[in-house]
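Here the structure is laid out as structure tokens; the discussion comes afterwards.
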Amino acid sequence: MTANAQTSQPGAVTTVYDVKGMTCGHCESAVNSEVSEIAGVSSVQAVAATGKVTVVSAAPLDEEAVRAAIDEAGYELAGTTA
């Protein structure tokens, strides 16, 4: 997983992704909905104003699964925050 993933609670991994193209609450909702369907995800918070998507999961996620979910929502995964 990425070097910026951090544990926020025992057994949980928090990763912040940069997403391009989100501009409004509908965008946030679409990303939240798609990413939350990934197995192991317990929390997703997309913020259009910053382009950040914070994901809490039981274990590190496969970046390609996250990319596919964000693509499905209609946006572009730019990477993870440093």
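Note that this is a predicted model, so its numbers are computed, not measured.
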Answer yes or no: is there a donor N or O on one side and an acceptor on the other, between the side chain of S36 and the main chain of S33, under 3.5 Å?
yes
With T54 via side-chain contact (heavy atoms from CB on, under 4.5 Å) - residues at least two apart
T14, V16
Under 3.5 Å donor-acceptor pairs involving side-chain atoms of residues 66-75, not counting sequence neighbours:
| unit_1 | atom_1 | unit_2 | atom_2 | d |
| --- | --- | --- | --- | --- |
| R67 | NH1 | L77 | O | 3.1 |
| R67 | NH2 | E63 | OE2 | 3.2 |

Nearest non-hydrogen partners of A48 and C24, listed with the distance:
CB-N, 3.6 Å
Listing request: all salt bridge (charged side-chain N to carboxylate O under 4.0 Å, His left out) pairs with a residue in residues 37-60, at least two apart in sequence or in separate chains.
D18-K52
Can you tell me which residue pairs pass the side-chain hydrogen bond (donor to acceptor under 3.5 Å, both in side chains) test with a partner in residues 20-31, sequence neighbours excluded?
none
Are I38 and V44 connected in a single hydrophobic cluster, I mean Ile/Leu/Val/Met/Phe/Trp/Tyr linked by side-chain heavy atoms less than 4.5 Å apart?
yes
Same apolar cluster: V41 and V47, side chain cutoff 4.5 Å
no
Enter the distance from C27:SG to N32:CG here, rounded to the nearest 0.5 Å.
11.0 Å
Residue from V55, V31, V35 passing side chain to side chain contact (heavy atoms under 4.5 Å, CB included) with Y17
V55
